[in-house]
Trainee: 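Dropping a structure here in structure tokens format, bear with me for questions.
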Amino acid sequence: MADDRLIVALDVSTMEQMKNIVDTLGDAVSFYKVGMELFYAAGEDTVAYLRDCGKSVFLDLKLHDIPNTVAQGVKSLTRLGANLITIHGQGGAVMLKAAADAAREAAEELGVERPKLLAITVLTSFDDTTWSGIGGQLPIADQVRRLALLAKDAGVDGVVASPLEAKLIREACGDDFLIVTPGIRPAFAAANDQKRIATPSSALRDGASRLVIGRPITKADNPREAVRMILEEMEAVKP
């Protein structure tokens, strides 16, 4: 039943809450996101538990610092066995390349599979007003495209971007580039604090590789039924 294009966001703060979600969803979900809230509260045991359950892990910590610091952070995180790790695209080309080199080197040293790195472009909570409020000079879409190309040239595997930019990233960066899209809202769900959003099927049609969905599933009265409805929407677009 599971479709690994769906990543369920574990936006909770305890191991018990996480385990409850994973147990409830069972074999309906194969891929989970561990973000700042859960990782900072419960640590690396979160990743180990998911791996022990046979799940894939998207570790979304958005590393952003000077190149050496980010590289060392990526090396430390590689040993955890996460499949995807995020770094900030706005850290620049030198930082992105240092992170990509560090992931490859650490994986070789440890004899483990290299985690794929994703560069954060522009958060889905931004709209044009809030973007200009922090000094954004380019339109959001142009900035996202620029950062995606920067990440690709630096050897990064893909990006995290809103589904509204998925099509232009796919056209600019090619078929092998990963595009992971939060801001996915099924037809039955509320937008909440996301601004640049799309439905599962439209995001996939526009080129998204994987979809990150949290509250529409984890806060649903029947989370497993919510997953079923989302997978039904996704089935309209074949991998």
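Not measured: the values here are computed from a predicted model.
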Trainee: Please report the C-alpha distance between E44 and R79 in whole Å, then the side-chain angles of each, then the deciding distance to 0.1 Å, and finally whether the salt bridge (Lys or Arg N to Asp or Glu O under 4.0 Å) criterion is met.
Mentor: CA-CA 10 Å; E44 62 189 60; R79 66 181 173 80; 3.1 Å; yes
Trainee: When rounded to the nearest 0.5 angstrom, what distance separates CD in E171 from NZ in K167?
Mentor: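 Going from the CD atom of E171 to the NZ atom of K167 covers 6.0 Å.
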Trainee: Report the relative orientation of the aromatic rings in W131 and F126; use parallel for angles under 30°, tilted for 30 to 60°, perpendicular for over 60°.
Mentor: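 It falls in the perpendicular class, over 60°.
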Trainee: If you compare all heavy atoms of I7 against all heavy atoms of R210, which two are closest, and at what distance to 0.1 Å?
Mentor: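 So the two residues come closest at CD1-CD, 3.8 Å.
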Trainee: Counting distance only, does the side-chain N/O of T121 pair as donor-acceptor with the main-chain N or O of V144 below 3.5 Å?
Mentor: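 No, the answer is negative, given that no donor and acceptor are paired below the 3.5 Å cut-off.
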Trainee: Using the salt bridge (Lys or Arg N to Asp or Glu O under 4.0 Å) criterion, which residues pair with D101? Sequence neighbours excluded.
Mentor: K97, R104
Trainee: Rounded to the nearest 0.5 Å, what separation is found between the CD1 atom of I140 and the OG atom of S162?
Mentor: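 One gets 8.0 Å once the value is rounded to the nearest 0.5 Å.
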Trainee: Tell me whether the count of non-hydrogen atoms from other residues, nucleotides or ligands lying under 6.0 Å of CZ in R146 goes above 12.
Mentor: no
Trainee: Mark yes when over 12 heavy atoms from residues, nucleotides or ligands other than D176 sit less than 6.0 Å from its CG; otherwise mark no.
Mentor: no
Trainee: Answer with yes or no whether the hydrophobic clustering places V122 together with L149; edges join I, L, V, M, F, W, Y residues whose side-chain heavy atoms lie under 4.5 Å apart.
Mentor: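 Hydrophobic grouping puts V122 apart from L149.
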Trainee: Is it the case that the side chain of S132 and the backbone of D128 share a donor-acceptor pair, with hydrogens and angles ignored and the cut-off at 3.5 Å?
Mentor: yes
Trainee: Using 0.5 Å steps for rounding, measure from the CG atom of D60 to the CD1 atom of I87.
Mentor: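 Output value for this atom pair is 12.0 Å.
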Trainee: Measuring from L204:CG to E235:CD, what's the distance to the nearest 0.5 Å?
Mentor: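 Between atom CG of L204 and atom CD of E235 there are 11.5 Å.
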Trainee: For a quick check under 3.5 Å, do T46 and R51 share a side-chain donor-acceptor pair by atom type?
Mentor: no
Trainee: Just verifying a value: how many Å separate F31 CZ and N83 CG, rounded to the nearest 0.5 Å?
Mentor: 4.5 Å
Trainee: For residues Q90 and L147, report the shortest heavy-atom separation together with the two atoms involved.
Mentor: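 Taking every non-hydrogen atom into account, CG-CD1, 3.7 Å.
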Trainee: Rounded at 0.5 Å granularity, tell me how far CZ in R145 sits from CG in L150.
Mentor: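 Going from the CZ atom of R145 to the CG atom of L150 covers 12.5 Å.
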Trainee: Is a side-chain donor or acceptor of K33 paired with a backbone partner of I213 at a separation under 3.5 angstrom?
Mentor: no
Trainee: Check for a donor-acceptor pair, side chain of T218 on one end and backbone N or O of G214 on the other, with a separation under 3.5 Å.
Mentor: yes
